Structure formats: structure tokens, C-alpha cells
Amino acid sequence: MSAGSAASTLTPPPRRAVAALILTLSLPLAAASTLAQQENPNSEIGEDDSSGEEVAVPKLLGGTSGPVRDTGDVASLGHRFADWLWEVPTLIDDPEAPVIQRLRIIGRYHGQWAWNDEGIDKYSEWESRRLRLGLKIEFLENFTAQSVWKLDGEENSFDKSNIDNQWIAWRPDEAFGLKIGQQKPLWSLEWSTSSNAIPTFERSLLVNQLNPEHSLGIYASGVFGPWAYGTGWFRGDLSDEDRGNEQSFALFSVARDFEALFDQLEDPRWRLDYLYNDGSEQVGEGDFRHLFASGISGKLRRGRLSAEALYATGGDSEDDVFGFTILPSFDIVPDRLQFVTRYHFAHSNGDVLRLQDRYETAGGRLGDLRGDSYHSLYGGLTWDLRGNRLKHMGGAEYARMKDPNDNGGDYRGWTLFGGVRLSF
């Protein structure tokens, strides 16, 4: 069956899939009235640092995750479980200790169900999207070290190919900090936001195609008043056998906090990122040389908006690409039940864009799966039981890829999602 005939004969979701999605979305609504009576979202109980990736990096350059909110005197079973799970892995917590101030087991489990019918075979499956486990230690007042492993890797073992990140950081003051080891390069607003905190199941297509993977490198960052900076150099990763042939990449970021200028907004910021790629295979899917990202984000009362534009110049064998993402959200129940929508557009001068590995290529589609123009629209609900520590999500996304060369990239289809996010 050709891509064109698959698009024209796209069947609606089966009843079981629709029922599962309705159940996923209705659970938060069923609890909304009870939660609204129980909550007192005005008092903070501390920053949610469960991301594990942006530790020792200024908040301006660490994505858009916010504080976990207290829920008042009456806590649900989910709240108590999340609090218990947060405290149990804390092995040492003594800020006045001379050597080790804090030692924690950290991890995350992201499980999700997806249904997609735009392919040769229908796809419907529950997936352990991310399973991570590691250790974080804060010592000698200014140092932090972290080691995290992928337990969902191919070998399901503590093999070096399953190392997620492994680094040590030194931050003597707010203006300067240094981070050395395998880490997540913080490029673009959406990619820098921890997977624990992103309000959609998957990141947008162009970010996924351009993002730099976890890499070995050195990264410096700091804050000067309302300004923040970050700059780093990276080369390969810990699983590389032959580093002599590995090329490098460098990045520079600057961000500006506008809270002093817009006192009605919460956490308003602007951010600009530049990445120079000297042929490293760690950067994106394709041969891109200069990568730019510029985004804004902020919150007003119950509404939040993030918007970002992306542009990348092709190298010797690739055309330029550009795109943008608009992601508004609204708190139906403050800091608990959130409606999220996202529009993403991407365009290239040739067949450079590639369909998302999750889940647009999961149905056994044939061809090179590339096109030159892509649109997607996502809508869903997030029920935060305890901020980013424990939340329930459901959503749906419609996507359209145009492939004028008819090489297998023409796509028009829906993907339904349901899942849970747990982190500690």
C-alpha cells in the first residue's frame, strides 16, 4: 500500500483506543472538584530538582520546570505516595556537614501508551519510554556529582552504552560554574526542559531532528542580575570506542529574565542559543553546521505560553531547515489540572525533514520517510498529583507531512496518547 493510499484510507481509531483515551482524560476531570477544594497552591515546598539533568545550571538555562506546590492539610493517596517516594531515596541530608551535604538515589519512570494507524500495520502499545536510575551527591559545599544509567537500554545492563549522564560540577558562586563529563547539552528552550517537565508526550519534530545528544564535554554557566549565560565544548560520548575520528561541537546560550519589567508575569524570559557543529554525529539527524534557537516563555495567572523559532544551515550534504513551535497551556485547577496545546511547523528546501520515530514510523511505513513541510497540532490534559514528581497525562496529536518527491514521507495521521510520569 502506497503512502498516498494509506492517507486516503485512514481509518478512525478503534473503540478500545477511544475508550482508553477517554478514560485517561476523564480521570483528572473526575478528581478536579475534589482537588479544587483541597488545594492551597500559594505556599511552595521547594524546587523540584528531580530533572537530574539541569542540576548546577542556572534556572534561566535549565528549561521551564517550576516549583512543587503544597496542597494544604488534606493530602490524597497520590500526594502522600509522591512525598514518601521523594524522601526515601535521600540517604544523607545535612547542609551543615563539612564533607557530604546531600546524597540521593535519583530516577524516573515514564510509561506511555500510544495508538497510530497511518502505516502498513496499526500500532497500539504500552512502552516504558524512560527508565533511569542513578546517584547524586552534593559535597564540599560547592561540588555536585551525578551518575545516571538507562535501565531501558538495549542490553538492560550497566554497560557503558547505557550511561545517560555522568558528570561533576563546581559552582563557587552564582556568576560562574563548571560542569565536566557526559551531560545533556542545553540547546533550545524545548530541548533544555527536562523530560520530567515537558507538558507533551514527545518533543516537536524539528527539535528532535536537531538536538545534540548527551555528550562528553565541559560546560560553563552563570547569572549576572537578570542575565544568564552558558557555553560549552563537546566531543563524542562514553560509549565511543575510537575517539580519534570523533568531531566536536560547541554551543553558546544567553538568556534574559524580564520579571522586573513585567511584574504581572511569572518567570518571563527570553533565550537565544547558537550551536556550531564541526561534523559531530552527536548533533541531530543530518549534516547541519550552524544551529540557532530563540524562544520566549512566561506565565500570567493560570495561563502559560512558550514559543520558539529554530533555524539550521545544512552542511555539505543537507539543505537548510527552519520552523517554530507555539505551546500555550491553561490551569483548569491551579497547579494541578492543566490543558496543553501545541502547534509546530517545520520546512526545508529539500526532503530533509524526517517523520517522528515515535510514533509516525511505527506502523511499518516504507521509503525514506522524508518530506519538506510538516505541521502538527497537539492537545491534552496533565494531572499533576505532585508537580513533576508524579503526574498523569493524556492527549492526541494530528500531523501532516508533505513529500513532493513521493519517496515515502507523505503522511497524514492521528496519534493518541496516555501515560504516567514518575520521578524522584
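Just so we're clear, the structure is a prediction, and the values are computed from it rather than from any experiment.
Here the OG-CZ distance, from S280 to F288, works out to 13.5 Å after rounding to the nearest 0.5 Å. Distance check: F234 CZ to Q182 CD gives 10.5 Å after rounding to the nearest 0.5 Å. The OH atom of Y219 sits 8.0 Å away from atom OG1 of T231, with the distance rounded to the nearest 0.5 Å. S204 contributes atom OG, which lies 11.5 Å from atom CD1 of I326 (distance to the nearest 0.5 angstrom). To the nearest 0.5 angstrom, D357 atom CG is 4.5 Å from R354 atom CZ. L178 CG to F176 CZ: the interatomic distance, rounded to the nearest 0.5 Å, is 4.5 Å.
The shortest distance between side-chain heavy atoms of R271 and L186 falls below 4.5 Å. A 4.5 Å side-chain heavy-atom check between Y411 and Q356 finds every atom pair outside the cut-off. You'll find the side chain of F252 stays beyond 4.5 Å of the side chain of L272, heavy atoms only. At least one side-chain heavy atom of R130 sits under 4.5 Å from a side-chain heavy atom of R421. The closest side-chain heavy-atom distance from V321 to L353 is below 4.5 Å. Using a 4.5 Å cut-off on side-chain heavy atoms (C-beta onward), W113 and L416 make contact. The side-chain heavy atoms of F139 and I168, taken from C-beta on, include a pair separated by under 4.5 Å. Side-chain contact check for W170 versus N142: some heavy-atom pair is nearer than 4.5 Å.
Not one N or O on the side chain of H290 forms a donor-acceptor pair closer than 3.5 Å with the backbone of L275. Side-chain N or O atoms of Q183 include one that pairs as donor or acceptor with a backbone N or O of G181 at under 3.5 Å. Without hydrogens or angle criteria, N162 side chain to W149 main chain gives no donor-acceptor distance under 3.5 Å. Here the side chain of Q101 pairs a donor or acceptor atom with the backbone of V99 at under 3.5 angstrom. Proximity of a side-chain donor or acceptor of Y229 to a complementary backbone N or O of A175 within less than 3.5 Å is detected. A side-chain donor-acceptor contact under 3.5 Å links R289 to the backbone of N277. Remark: the backbone N or O of H214 is paired with a side-chain donor or acceptor of Q282 at under 3.5 angstrom. Between the side chain of N211 and the backbone N or O of N208 there is at least one donor-acceptor pair closer than 3.5 Å. K122 contributes no side-chain N or O that, together with a main-chain N or O of W115, makes up a donor-acceptor pair within less than 3.5 Å. Although no hydrogens or angles enter the test, the distance criterion places no donor-acceptor pair under 3.5 Å between the side chain of S215 and the main chain of D237.
In summary, the side chains of S147 and Q166 do present a donor paired with an acceptor at a separation below 3.5 Å, with no hydrogens or angles considered. If you check the side chains of N165 and Q146, you find a donor sitting under 3.5 Å from an acceptor. Neither side chain, R370 nor S348, offers a donor N or O lying under 3.5 Å from an acceptor on the other. A donor and an acceptor atom, one from each side chain of T415 and N116, are located under 3.5 Å apart. There is no side-chain donor-acceptor pair under 3.5 Å between W167 and T144. Between R203 and S195, the side chains place no donor N or O within less than 3.5 Å of an acceptor N or O (distance only, hydrogens not considered).
Using a 4.0 Å cut-off between charged side-chain N and carboxylate O, D331 and K299 make a salt bridge. Checked for salt-bridge contact, R389 and D384 miss the test: no charged N lies under 4.0 Å from a carboxylate O.
Here E202 pairs with R129 under the salt bridge (Lys or Arg N to Asp or Glu O under 4.0 Å) rule; sequence neighbours left out. Y359 pairs by the side-chain hydrogen bond (donor to acceptor under 3.5 Å, both in side chains) definition with Q112, E127, not counting sequence neighbours. Evaluation of the side-chain hydrogen bond (donor to acceptor under 3.5 Å, both in side chains) rule for Y311 yields D320 as partners, not counting sequence neighbours. A search for salt bridge (Lys or Arg N to Asp or Glu O under 4.0 Å) contacts involving R342 returns E190, E397, not counting sequence neighbours.
Between V283 and L291 the shortest heavy-atom distance is CG1-CD2, 4.0 Å. Shown here for R365 and G409, the closest heavy-atom pair between the two residues is NH2-C, 4.0 Å. Closest heavy-atom contact between S329 and Q338: OG-NE2, 3.6 Å. The heavy-atom pair separating W126 from G418 by the smallest distance is CZ3-O, 4.0 Å. Taking each heavy atom of F292 and W187 in turn, the nearest pair found is O-CZ2, 3.8 Å. Residues G177 and R171 come closest through the heavy atom pair N-NH1, 3.4 Å.
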Check against side-chain contact (heavy atoms from CB on, under 4.5 Å), R108 and V148: CA-CA 10 Å; R108 70 188 69 186; V148 176; over 6 Å; no
Please walk me through it: do D319 and D351 pass side-chain contact (heavy atoms from CB on, under 4.5 Å)? CA-CA 8 Å; D319 293 302; D351 279 356; over 6 Å; no
Worked check of side-chain contact (heavy atoms from CB on, under 4.5 Å) between L133 and F424: CA-CA 9 Å; L133 188 65; F424 54 89; 4.1 Å; yes
Might you work through the side-chain contact (heavy atoms from CB on, under 4.5 Å) test for L385 and K391, ending with a clear yes or no? CA-CA 5 Å; L385 289 171; K391 57 187 178 183; 5.9 Å; no
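For residues 325-344, the set of pairs meeting the ring pair (Phe, Tyr, Trp, His ring centres under 6.0 Å) definition, not counting sequence neighbours, comprises F324-Y343. Within the structure, the salt bridge (charged side-chain N to carboxylate O under 4.0 Å, His left out) test picks out no pair touching residues 216-231 (sequence neighbours left out).
When the shell of 6.0 Å around CZ of R302 is examined, it contains more than 12 heavy atoms from other residues, nucleotides or ligands.
In this structure, the ring of Y398 has its center less than 6.0 angstrom from the ring center of W414.
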